[in-house]
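Counting convention: from 1, in listed order, for ligands and their atoms alike.
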Amino acid sequence: MPEVRIREVGPRDGLQAEAYIEVGARVALIADLIRSGVHTIEAVSFVSEKAVPAMAGAAAVLESLGPLPGVTIYALVPNVKGAARAAECGIDHFTVTVSASAAYNAKNVRMTIDESVAEVAAIRDLIGPSPYVDAVVSCAFGSPYEGDLAPADVHALGERLVSAGANASTYADTTGMATPRRIADLVAVTGPRIGLHLHETRGTAMVNAYAALELGVRDFDTSIGGLGGSPFAAGAGGNLSTEDFVHLLDDVGLSTGIDLEQLLTAAARLATVLGRPLPGKVANAGPRSRLAAG
Ligand code: COA
Ligand code: ZN
């Protein structure tokens, strides 16, 4: 069992704000990630194709992947309709997106927070007791619309979502407003058994992850190449880069089960598909263990 559990969100969060990429290239990315030792992947979202054109073709991606023994595939869903479509494709791990910011929730999923909580209960009714549901609380460290949100209120929403039928909560810094002290403020309320989903919008994703590690948090969402961002978060920077985080974790001696060199190969292939360098740092500089020629 790895000491730090990474859920790779590149194929979903990483690609959702990009121009549409065909199913074959998305499947190849997921296969590359699995080859690197990544065993938990948010692969698709079942959302409106009008709202997020890049995520069209979720069913085709899953069908083309086929059964993947030992790999946990998550699908993001905003509502019962999305969950029903995902369940039809055999999905048994769901991330449900709900925002701690009422204004962001309205823009992102067109629901009030109470409606989203009710939607989690309805999703649980639909899928039955066995599937795993992770409630991802977005804007958990502040909202571009409402400003700072009290950690106690953010935690209370996470708890409400668990009471409504989620198995766990992940707290997402959707718009890059977290800082180490705000990570500490939230973990002081929630305890360390939470997931964190961090964005690099203001250059703080890695220091936030490190602060969380020191507080005992062990579950992180990251994205290959540091790609990503919500189409509904203006100026959203990418996610914490998987390879940058694995590079750091290797150095501090916390295992992930992921092979950094293979991951760098995957990142290089993705950069070719997208036709530009990705924001991740280690992919561009090379790992510290790789010596310069001559
Ligand atoms: N997947 C696909 N289509 C969906 C859907 C889903 N999960 N939920 C609703 N729809 C369809 C409806 O069937 C309807 O289709 P029609 O126009 O052909 O009749 C249409 O979308 C509008 O339905 P409605 O319930 O009125 O939805 P909406 O317009 O209020 O949009 C969401 C709500 C949730 C579907 C939309 O806001 C969305 O997909 N948001 C996702 C945002 C996202 O992925 N953000 C990034 C990740 S956090
Ligand atoms: Zn994100």
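Inter-residue side-chain proximity for Asn284 and Pro277 is flagged as met; some heavy-atom pair is nearer than 4.5 Å. Residues Ile6 and Thr40 are not in side-chain contact: their nearest non-hydrogen atoms beyond the backbone lie 4.5 Å or more apart. Leu68 places a side-chain heavy atom less than 4.5 Å from the side chain of Ile34. Inter-residue side-chain proximity for Thr242 and Leu263 is flagged as met; some heavy-atom pair is nearer than 4.5 Å. The side-chain heavy atoms of Asp219 and Arg7, taken from C-beta on, include no pair separated by under 4.5 Å.
Side-chain contact check for Asn208 and Thr179: no donor-acceptor pair (N or O, by modelled atom type) lies under 3.5 Å.
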Apply salt bridge (charged side-chain N to carboxylate O under 4.0 Å, His left out) to residues Asp148 and Arg182 and explain how you reach the verdict. CA-CA 10 Å; Asp148 291 339; Arg182 292 170 194 281; 3.6 Å; yes

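Ring pair Tyr132/Tyr74 is perpendicular by interplanar angle, where above 60° counts as perpendicular and below 30° as parallel.
Contact shell of ligand 1 (protein heavy atoms, cutoff 4.0 Å): Arg12, Gln16, Phe46, Val47, Ser48, Lys50, Ala51, Val52, Pro78, Asn79, Lys81, Gly82, Arg85, Thr97, Asn108, Val109, Arg110, Phe232.
Below the 2.8 Å limit, the Zn ion (ligand 2) has as protein N, O or S neighbours Asp13 OD2, His197 NE2, His199 NE2.
Note: Phe220 and Phe245 meet the aromatic proximity criterion, with ring centroids under 6.0 Å apart.
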